[in-house]
Protein chains: 2
Amino acid sequence: MDRDRGSRDVTIKDVAKRAGVAISTVSRVLNGLDKVSPKTEKKVKEAVEELGYVQNGLAVSMVTGQTRTIMMVVPDFTNDFNGAVIQGAEEYLKEQGYTMLIFSTKDFKEEDFENLYRRFSKLVDGVLVVPANPDDMDYGRWEKPLVLIDCYRPGQDYYTVEIDNAKGGYLLARELLLNGHTHIGLVGGIPGASLGGQRIAGFERAMKEYGVPIDKRLMMRGLHFEDTGYRGMKKLWDLPDRLRPTGVIAVNNLTCIGCMEALSERGAVIGQDISLVGFDDHLLARYSVPGITVIVRPTIEMGREGAKLLVQQLRKEEIGQKRVVMEIELKRRNSVKRLLV
Amino acid sequence: MDRDRGSRDVTIKDVAKRAGVAISTVSRVLNGLDKVSPKTEKKVKEAVEELGYVQNGLAVSMVTGQTRTIMMVVPDFTNDFNGAVIQGAEEYLKEQGYTMLIFSTKDFKEEDFENLYRRFSKLVDGVLVVPANPDDMDYGRWEKPLVLIDCYRPGQDYYTVEIDNAKGGYLLARELLLNGHTHIGLVGGIPGASLGGQRIAGFERAMKEYGVPIDKRLMMRGLHFEDTGYRGMKKLWDLPDRLRPTGVIAVNNLTCIGCMEALSERGAVIGQDISLVGFDDHLLARYSVPGITVIVRPTIEMGREGAKLLVQQLRKEEIGQKRVVMEIELKRRNSVKRLLV
DNA sequence: TTGTACGCGTTATCAA
DNA sequence: TTGATAACGCGTACAA
């Protein structure tokens, strides 16, 4: 059989022979566990150095049952929110001596998730998930430590890292309201879905609080992709004058981008012809002219916190709270017009 | 010792016992290698099903010497080019039954790369790298199959996936020249560095071809980060009228974004007060108003091709060419003003 | 066609 | 303080 190893690797055996000790002694030196005499320790370390020995992680994992690897699952890598979360998680894991096996669930069917976990559960110590459809999955049967990022499922008690989505929706709506907007449109958010649902709930609360009725005709529901924003905004813009909203809330980053695309096509100037607010501080929100007023989430930190929560579980450390709620912030730019009242 | 396994996993032994055969028979059925009688095959498959047996990848790798895992290394995850490359690579690898161990090299020191490889080389079959500093690293000592993405090093013969960077620089410069620009500025690109160097070489060729002299004072060299674009563009914009360039080439996506930020701060309108062209079809280039004329690279496909090149090596398949050069395309938008000549 | 037994590289137990 | 050795779960010569 072709073992594909090239020149045979240096093993602990070679080190033992070279140092003139038993392999168990080498192991002890390497792991710094038991008492070892300074003399033999020195001999072993020299042998390791001379031979260029590196532990074989596979063999270690075989016997310890721990792989020091975690599995991270994200919807896809081209969404900048996911990218930031991965960045934060990977940095923390690296610091802690963990490695990341990564998968995207783009085009996943229902059962694929289950298969993925089954197939790799022995290769990883824990799982970090940014769910694509937070409401569809049941993570109950997973035996490994699990942390969900950007996903809260009421009534269940997973370890999660979230933001207060309702507060976000509320802040955005209030920002429009305080600037005199009363015809407010909404793009994205599926009825009954948790994530968009919370944001919408916050929006509704603000509207109620300020005594402004919600016009159902301005609610452009749909999946959280660019297309929903693009088509929704076009419909809103093309409404007759007295119906057309003066301000629009995009429920997430992609729908916001879709809105901007639609408005650009229509030749509408944001912050002038129409006001737009959204979630996440993506490139377009930050650098387009005018900048977009958005809810800023600490994306990289969300990844870090998720990884931290996972590692704490792996180490069986005391964990303060299973749900970590991160702070958000309203970043005001020039996409909201101040209407005369 | 705490083996951390929860209830003991089902092993091949359990399957063998349940099916009333030897473990080697189970193995044969699982791997579909030798002849096995239909009867025993059925028995084994039933046992697998009933017990919910899943192969332990660790043990398999131990004995086969292959992990079916590759190591991917990128500068960071928040750059959309890297995200797209990862997306393409991961999709292809998943299709081919491979898994991806991922690392970012942000804040890496020189020797970290070497350590990373040494530490994990036994856990992976091959390596896929998007280099941060293409010129600094020497990948010569790596024993595993290796593919470099977006990096060509003259005189060496790695497996690489690239574009014709010189052509890209040429096309951008020509676009400005054909629109009547003769005062052309450049942002990014370090003298002697390969990647930016090639793009600049293409720019220089175009300038020469069209008989337009290069004004050294308009060359804002620097690392390929936003900051270089931001500061470079400010300097260019603040130049006295007769010196200020009418058109600027950003050497990559981040410097382009930095340029846009600077111009926005200065209140300059792109495509009107100044023209801007760059590389990569990022969010801002695509959806800001006006859109930016850019060289579009097939980013996801570059990831796919890189992964393909790697898997072909792993399978010891015949490989047509070690350097895969992907097609690029000039995407015209409204960031270039047509000057009267 | 099927079963036995060894080896992959390491840790951990126990005896020396 | 050290050494010998049984696991860990699997693939595969080789024997039956």
Side-chain angles (χ1 to χ4, degrees), chain A residues 1-44 47-48 51-68 119-123 125, chain B residues 1-44 47-48 51-68 119-123 125:
Chain A
M1 163 195 189
D2 183 3
R3 286 194 183 272
D4 245 0
R5 300 245 175 95
S7 52
R8 203 177 70 69
D9 285 329
V10 177
T11 76
I12 196 173
K13 256 184 206 156
D14 303 315
V15 176
K17 191 175 293 176
R18 175 74 159 235
V21 297
I23 57 172
S24 51
T25 304
V26 177
S27 178
R28 272 187 288 256
V29 172
L30 259 42
N31 299 309
L33 291 178
D34 281 313
K35 309 287 175 208
V36 182
S37 81
K39 256 183 295 181
T40 51
E41 178 171 346
K42 182 158 171 276
K43 276 193 299 183
V44 169
V48 165
L51 268 40
Y53 167 75
V54 182
Q55 260 190 343
N56 182 328
L58 284 174
V60 176
S61 294
M62 272 288 288
V63 49
T64 63
Q66 296 178 175
T67 60
R68 300 220 122 223
R119 221 181 119 206
F120 293 103
S121 74
K122 281 165 192 151
L123 301 184
D125 292 346
Chain B
M1 161 196 188
D2 183 3
R3 285 192 185 272
D4 244 0
R5 300 244 176 96
S7 52
R8 203 179 68 70
D9 285 328
V10 178
T11 75
I12 197 173
K13 251 184 209 155
D14 303 315
V15 176
K17 190 176 291 173
R18 175 73 158 236
V21 298
I23 57 170
S24 54
T25 304
V26 177
S27 177
R28 276 187 284 259
V29 172
L30 260 43
N31 300 309
L33 290 178
D34 280 313
K35 307 290 176 205
V36 183
S37 81
K39 257 184 294 184
T40 50
E41 180 171 345
K42 182 157 171 275
K43 275 194 299 185
V44 169
V48 166
L51 267 42
Y53 167 74
V54 183
Q55 259 190 342
N56 182 328
L58 284 175
V60 175
S61 294
M62 272 289 288
V63 49
T64 62
Q66 297 178 174
T67 61
R68 301 221 119 221
R119 216 178 124 208
F120 294 103
S121 74
K122 280 166 192 150
L123 301 183
D125 293 344

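Note that these values count all heavy atoms, side chains included, but never hydrogens, waters or copies made by symmetry. Every value quoted in this text rests on a predicted model; they were computed, and no experiment measured them. To find a chain, count down the sequence lines: A is the first, B the second, and so on, and within it residues start at 1.
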End-to-end axis angle, where each axis spans five pairs of the helix from C:dT1-D:dA16 to C:dA16-D:dT1, to 10°
50°
Compare every heavy atom of B:Ile23 with every heavy atom of B:Lys13, then report the nearest pair and how far apart it is.
CA-CG2, 3.8 Å
Counting side-chain heavy atoms from C-beta on, which of D:dG11, C:dT11, C:dG9 comes nearest to A:Met62?
C:dG9
Can you tell me how far apart NZ (B:Lys122) and OG (B:Ser61) are? Round to the nearest 0.5 Å.
14.0 Å
Check against side-chain contact (heavy atoms from CB on, under 4.5 Å), A:Val10 and A:Val54
CA-CA 7 Å; A:Val10 177; A:Val54 182; over 6 Å; no
C:dT2 OP1/OP2 closer than 4.0 Å to side-chain N/O of B:Ser37
yes
Report the distance from atom CG of A:Leu123 to atom C1' of D:dC8, rounded to the nearest whole Å.
14 Å
A:Asp14 has an atom CG; how far is it from atom C1' of C:dT10, in whole Å?
13 Å
With the side chain counted from C-beta on, respond yes when A:Val36 and A:Lys43 share a heavy-atom pair under 4.5 Å apart, and no when they do not.
no
Grab the N/O contacts between the protein and nucleotides 4-7 of chain C below 3.5 Å, and write none if there aren't any.
{"unit_1": "C:dT4", "atom_1": "O4", "unit_2": "B:Ser24", "atom_2": "OG", "d": "3.4"}

Closest non-hydrogen contact found for A:Gly65 with A:Asp125 is O-OD1, 4.4 Å
OP1 or OP2 of C:dT11 versus the side-chain N and O atoms of A:Gln66: is any pair under 4.0 Å?
no
Can you check the A:Gln55 CD to C:dC8 C1' distance for me, whole Å?
15 Å
Tell me the closest heavy-atom pair linking A:Tyr53 and A:Ile12, and the distance in Å.
CE1-N, 3.4 Å
Between B:Thr64 and D:dG11, is there a side-chain N or O to OP1/OP2 distance below 4.0 Å?
no
Could you tell me which residues satisfy side chain to side chain donor-acceptor pair (under 3.5 Å) with B:Thr25, sequence neighbours excluded, listed by chain and number?
none
Specify the separation, in whole Å, of atom CG of A:Leu58 and atom P of C:dT10.
10 Å
Which whole-number value in Å describes the distance from B:Ile12 CD1 to D:dT12 P?
11 Å
Do the side chains of B:Leu30 and B:Val48 get nearer than 4.5 Å, heavy atoms only?
yes
Could you tell me whether the phosphate oxygens of D:dC8, OP1 or OP2, come under 4.0 Å of any side-chain nitrogen or oxygen in B:Asn56?
no
Report yes if some heavy atom in the side chain of B:Asn56 is under 4.5 Å from a heavy atom in the side chain of B:Asp9; otherwise report no.
no
Would you mind reading off the distance between B:Lys13 atom NZ and D:dG9 atom P, rounded to a whole angstrom?
7 Å
Any idea which of C:dT10, D:dG11, D:dT2 is nearest the A:Ala59 side chain?
C:dT10
How many Å lie between CG on B:Asn31 and P on D:dA13, as a whole number?
12 Å
Interatomic distance where CG belongs to B:Leu30 and P belongs to D:dC10 [whole Å]:
9 Å
